[in-house]
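Atoms within each ligand, like the ligands themselves, are counted from 1 in listed order. All figures in this text were calculated on a predicted structure; none of them were measured in a lab.
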Amino acid sequence: MGKKFCGKTSNVGGKPSNTSVIVANYFDEKNLKDILIPGIGYGRNAKPFIQHNMEVTGIEISQTAINIARENKVNNKIYHGSVLDMPFENKLYDGIASFSLIHLLNEDERKEFIDNCYNQLKPGGYMVFTAVSEKSPMYGKGTKFTENYYEMPYGVKLFFYNSKLIEKQFGDYGLIDFVDIDEVNEDKPPINVLMIKCQKVSR
Ligand SMILES: C[S@@+](CC[C@H](N)C(=O)[O-])C[C@H]1O[C@@H](n2cnc3c(N)ncnc32)[C@H](O)[C@@H]1O
């Protein structure tokens with residue numbers, strides 16, 4: 001567990017992140033077809049899944065982000081609401097992928113979000129989360145609330161994962177593996193994120 005993957009990405013404009021390309025390829029290898037993306041934002045990370053002919057549904061709290069997704073011709077179904085109010089329909093998915101959302105939530109919300117995702121997975125289905133890592137340059141900046149939970153100087157609260165915290169948080173949810181990825185943006189220093197993979201136990 002905890003292998004290092006060095007990839008390059010550009011998050012500028014509507015380009016998908018390298019993480020979303022990796023997850024879409026992984027879901028394709030597993031032959032997953034029906035995918036939920038909680039916190040879909042303006043939709044850039046839906047594109048690699050759509051290119052694999054997967055059916056993509058999103059959840060997004062920001063109507064502005066949904067409007068931008070529509071302007072960018074991202075036309076898949078998007079539920080407007082919070083991941084804390086899942087499920088939005090009586091349906092199970094083959095795969096769930098959530099990029100850079102879980103670390104924005106507090107402790108109770110993170111647990112609720114993971115529970116909600118696990119409950120919407122088919123038996124044998126996969127869920128993948130990307131989250132900011134303790135190795136990122138933002139770690140330790142701003143005001144500390146609890147272990148690894150900080151309010152950044154620009155006002156956003158972030159929870160920083162490490163291997164121990166991943167095992168604690170995802171151990172009961174079919175944790176398979178996690179990988180370190182350096183996200184490299186054209187105009188910013190690299191940000192170290194963790195890609196966390198889980199599989200729902202088949203019954
Ligand atoms: C850091 S952005 C990442 C967006 C997108 N996943 C990407 O990587 O391009 C986090 C996204 O999650 C959304 N979000 C934050 N809290 C949420 C919640 N409780 N329920 C649904 N979406 C939420 C934000 O509006 C934002 O679009």
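Within the 3.5 Å criterion, the main-chain N or O of Ser17 finds a donor-acceptor partner in the side chain of Asn45.
In terms of protein heavy-atom proximity, atom 7 (C) of ligand 1 is nearest to Asn45 ND2, 3.3 Å. Closest to atom 25 (O) of ligand 1, if we only count protein heavy atoms, is Glu60 OE2, 2.5 Å. Summary of contacts: the protein heavy atom closest to atom 9 (O) of ligand 1 is Arg44 NE, 2.8 Å. Ser82 OG, 3.1 Å is the protein heavy atom nearest to atom 19 (N) of ligand 1. Protein heavy atom in closest approach to atom 1 (C) of ligand 1: Ser100 O, 3.3 Å.
Remark: ligand 1 atoms within the under-4.0 Å shell around heavy atoms of Gly41 are 27 (O).
Hydrophobic clustering (side-chain heavy atoms under 4.5 Å, transitive across Ile, Leu, Val, Met, Phe, Trp, Tyr) keeps Val74 apart from Val21.
No N or O atom of Ser62 sits closer than 3.5 Å to an N or O atom of ligand 1. Ligand 1 has an N or O atom lying under 3.5 Å from an N or O atom of Gly39, backbone or side chain. Ligand 1 has a nitrogen or oxygen under 3.5 angstrom from a nitrogen or oxygen of Phe99.
Asn116 and Gln120 share no donor-acceptor pair across their side chains, judged by distance under 3.5 Å alone. Using a 3.5 Å distance cut-off with no hydrogens or angles, the side chains of Tyr42 and Glu71 do not pair a donor with an acceptor.
In this structure the side chain of Phe159 never reaches within 4.5 angstrom of the side chain of Glu109, judged on heavy atoms. The closest side-chain heavy-atom distance from Phe49 to Val23 is below 4.5 Å. Counting heavy atoms from C-beta outward, Phe170 and Phe178 have side chains that stay 4.5 Å or more apart.
When Ile61, Ile40, Ile37, Ile59 are checked for heavy-atom proximity to atom 18 (C) of ligand 1, Ile61 turns out nearest. Heavy-atom proximity to atom 17 (C) of ligand 1, evaluated over Val83, Leu101, Leu104, is greatest for Leu101.
Within the structure, ligand 1 has Gly81 among the residues with a heavy atom less than 4.0 angstrom away.
Residues Asp34 and Lys122 are not paired through a salt bridge, judged by the lack of any N-O separation under 4.0 Å between the basic side chain and the carboxylate.
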